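These notes are about the structure you will find just below.
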Amino acid sequence: MDQNLFRWARAVRSRTRQTQPVLWLFTDAVRVPDPLAAVRRLARVRPRGLVGVVFRPEGYADPAALGRALAQLCRAAGMALTVAGDMNLAGYLGAGRHIRAGRRKLSAGAAASAVTTGSAHTRAELIRAERARIDIVFLSPVFATDSHVGGAWMGALRWSRQRHCIQIKVFALGGIDGRTVRYLPQTWGAGSITHLV
């Protein structure tokens, strides 16, 4: 775990006084093959509620069983959980939903108190996310990232300009670690894969 990233997150939480998690672990079947172990480690992070989890079930052998175990761990640790791509699974788990590209697909069963996260890569997707009333949107990729090797990324200045077009909370994703996140002084929070495990 990147301790500089956690120090940054604690400072952001203190500055913004937000109740939602500042840091979010994005699961990835290749780079986080055992998300349960990662969440167990994150459950020890203080203050409670600093970290949330975006569960991306694709690529895992038994997503429903893994989702149940993750939901149980997250509830016990006071961590928010959202599910990407499978809205039925999100409803089954009583978890929040992670909506890609600002498109909201409604289905029954999500907990009324669950946070809704989303992803965006363009200004149009940010605007769609705002219209869909998504609570937190991750604008990415901010920096070069191993999940899109050789792909285009925004950089801190372009990322900052993009986020100013909407009123909802915009978090950073893509190449985020304890060093790069300091180039984003006004962000509400950030997501990462490898730097939170």
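The model shown is predicted, which means the values in this text are computed figures rather than measured ones.
The backbone N or O of Val115 lies less than 3.5 Å from no partner atom in the side chain of Asp135, so there is not a single donor-acceptor pair. In terms of modelled atom types and a separation under 3.5 Å, the side chain of Arg46 and the main chain of Ala43 share a donor-acceptor contact.
Residues satisfying the side-chain hydrogen bond (donor to acceptor under 3.5 Å, both in side chains) test with Asp177, not counting sequence neighbours, are Thr180. For Gln20, the side-chain hydrogen bond (donor to acceptor under 3.5 Å, both in side chains) test picks out Lys169, with sequence neighbours left out.
In this structure, Leu70 and Arg75 have side chains that are not in contact, with every pair of non-hydrogen atoms separated by 4.5 Å or more. Taking the side chain as every heavy atom from C-beta outward, Ser140 and Met154 never approach each other to under 4.5 Å.
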Evaluate the criterion salt bridge (charged side-chain N to carboxylate O under 4.0 Å, His left out) for residue pair Glu58 and Arg100; output intermediate values, then yes/no. CA-CA 14 Å; Glu58 57 275 345; Arg100 293 178 172 137; 3.1 Å; yes
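What you find for Asp86 and Pro57 is that their closest heavy atoms are CB-CG, 4.3 Å. Minimum interatomic distance between Thr27 and Pro35 (heavy atoms only, all atoms of both residues): CG2-CB, 3.9 Å.
Atom CZ of Arg131 has 12 or fewer neighbouring heavy atoms from other residues, nucleotides or ligands inside a 6.0 Å radius.
The aromatic rings of Phe138 and Trp24 stand perpendicular to each other, their planes meeting at an angle above 60°, with 30° marking the opposite boundary.
Between Phe26 and Phe55, the ring centre distance reaches or exceeds 6.0 Å.
Interatomic distance, CZ of Phe171 versus CH2 of Trp188, reported as 8.5 Å (0.5 Å rounding).
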